[in-house]
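Below is one structure, written out as C-alpha cells, with a few remarks after it.
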There are 2 protein chains.
Amino acid sequence: MVVHQESAERANRLFHALADATRREIVTLTLTGEQSVSQLARRFPMSFAAVQKHVAVLERAGLVTKQRQGREQRVRGNADALREARRLLDQLADVWRGRIDRIDAILTDPDPGPGPGPGNSENSENSGEHAHASDRHQEEP
Amino acid sequence: MVVHQESAERANRLFHALADATRREIVTLTLTGEQSVSQLARRFPMSFAAVQKHVAVLERAGLVTKQRQGREQRVRGNADALREARRLLDQLADVWRGRIDRIDAILTDPDPGPGPGPGNSENSENSGEHAHASDRHQEEP
DNA sequence: CTGATGTACAACCATCGGGTTGTACGTTAG
DNA sequence: CTAACGTACAACCCGATGGTTGTACATCAG
C-alpha cells in the first residue's frame, strides 16, 4: 500500500524528465515544431547518442512522441503531458489551501474522479490523521 | 550562453526535488502543518538520515524552509516554490501556444511565426535557425 | 551499385542519488 | 548530573544518470 506506484512513478518520470535544461529545451523546440532527432542533435553541444538518450527519457515520460518517417524519426512535444505535470503541482498546492481532506487520495491516486463515491476502496483507515506517509515502518528488532 | 544558468539550475533543482515520491509527500505533509524532521522520519520506512537528506534537497530547491526551535528543526512547506514550478511549466506550454514574449530565457527564436493557433501541429519544418539551444555548432551547411 | 545520412544500440566511464551505519554534539527531561 | 532525544555529518554501498565512442543497419541521393 505504498502510494499507488503507478501514478507515483509516472510523476517521478515526468518531473525527472523536466529536471534537465537540455530536455526542457527539447520539449520547447518540439512543441513549436516537429524536429528529427538529428536536427535536434545538431543544436546541442553533445553527441547524437546523448540527445537520443534525452529524447528517450522524454518519451518515457510522455513529454514527446516519436514517429517514423522514412529514415527520420520526427519528435513532437506533447502539451498534454505538461498539463499533467501542472495538475500534479496544483494538487500539492491545493493541499496547502486546505481544499483537500483526503490527502492520501492525492498521494495515491491522481484521479479524484467524479462523485466521492463511498465505495471507493478498501483503504481509508486513518482519516483523522493525515498522511500516513507510507504507513509501514516501525519494525521491532 | 545556454539558457541563463541561474534560472535553469533553479528549475533543475525544483523539478529534481519534485521527482521523488517521498519528497513530494514531505512537501504535502509540511504544507498542511509544520513537522519536525524526526516527526517526518517516523512516517517513512527509512532511516532518519535518509529523511534528513530529502529535506535538505527540498530546502535547496526552496520547497521547504527549516526553523530551529529548541532542539527541534521545524520544517514548513513553501507554496510559493510550487507556484514557481507551475510558472515554469506554463512557460513551456506558452511557447507551444505561441504566446511567447519573454522566451529569451527559453530560446531565442526570432520566428514569431504565422498564426500560432493551438491547433497547429502540422506546422512546418520552420527554418529553425538559431534556437541557440546551446550556442554551439548549429550551423546548417 | 556506392556513399552519405539518420537511427539504434552496446560498452564503457565518471559522477550523482538515495540509502545505510556510525559518531558527535546540543537540548530537554528526570 | 545523567539519560534520552533531535539533529548534523561523514563514510560507505551500489544502482541510476549523463556523457562518450564504436558498430550495425536501413534509407535516400547520385
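Letters A, B, ... are given to chains in the order of the sequence lines, protein chains preceding strands, and every chain is numbered from 1.
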(Q) Taking Q39(B)'s backbone N and O only, do any of them form a donor-acceptor pair with S36(B)'s side chain (distance below 3.5 Å, no angle check)? (A) yes
Q.
Quick one: does any side-chain atom of R24(B) pair with a main-chain N or O of A8(A) as donor and acceptor, under 3.5 Å?
A. yes
Q. Above 12 or not: heavy atoms from other molecules or residues under 6.0 Å from CZ of R10(A)?
A. no
Q | Atom pair distance, as rounded to whole Å: CG in L18(A) and C1' in dT17(D) | A | 16 Å
Q | Heavy-atom side-chain contact between L82(B) and L63(B) under 4.5 Å | A | yes
Q) Taking atom P of dA8(C) as reference, at what distance in whole Å does atom CZ of R74(A) sit? A) 13 Å
Q. Distance check: side-chain N/O of Q52(A) vs OP1/OP2 of dC9(C), anything under 4.0 Å?
A. no
Q: Please check the phosphate of dT7(C) (OP1 and OP2 only) for any side-chain N or O of S38(A) closer than 4.0 Å.
A: yes
Q: Determine whether more than 12 heavy atoms belonging to other residues, nucleotides or ligands lie under 6.0 Å from atom CZ of R74(B).
A: yes
Q. Taking CD from Q73(A) and P from dC25(D), how many angstroms apart are they, rounded to a whole number?
A. 19 Å
Q) Are any side-chain N or O atoms of R23(A) and backbone N or O atoms of H16(A), one a donor and one an acceptor, separated by less than 3.5 Å? A) yes
Please tabulate, one pair per line, each protein N/O and nucleotide N/O from nucleotides 16-20 of chain C that are separated by under 3.5 Å, including the distance.
| residue | atom | partner | partner atom | Å |
| --- | --- | --- | --- | --- |
| dG18(C) | OP1 | R23(B) | NH1 | 3.0 |
| dG18(C) | OP1 | R23(B) | NH2 | 2.7 |
| dG18(C) | OP2 | R23(B) | NH1 | 3.4 |
| dG19(C) | OP2 | H54(B) | NE2 | 2.1 |
| dG19(C) | N7 | K53(B) | NZ | 3.1 |
| dG19(C) | O6 | K53(B) | NZ | 2.2 |
| dT20(C) | OP2 | S47(B) | N | 2.8 |
| dT20(C) | OP2 | S47(B) | OG | 2.7 |

**Q.** Positive for side-chain hydrogen bond (donor to acceptor under 3.5 Å, both in side chains) with Q35(B), one of R76(B), R43(B), R42(B), E72(B)
**A.** R43(B)
Q. Counting only non-hydrogen atoms, which of residues 64-72 of chain B are less than 4.0 Å from DNA chain C?
A. G70(B), R71(B)
(Q) Check whether Q73(B) reaches the backbone of V37(B) with its side chain - one donor and one acceptor, N or O, closer than 3.5 Å. (A) no
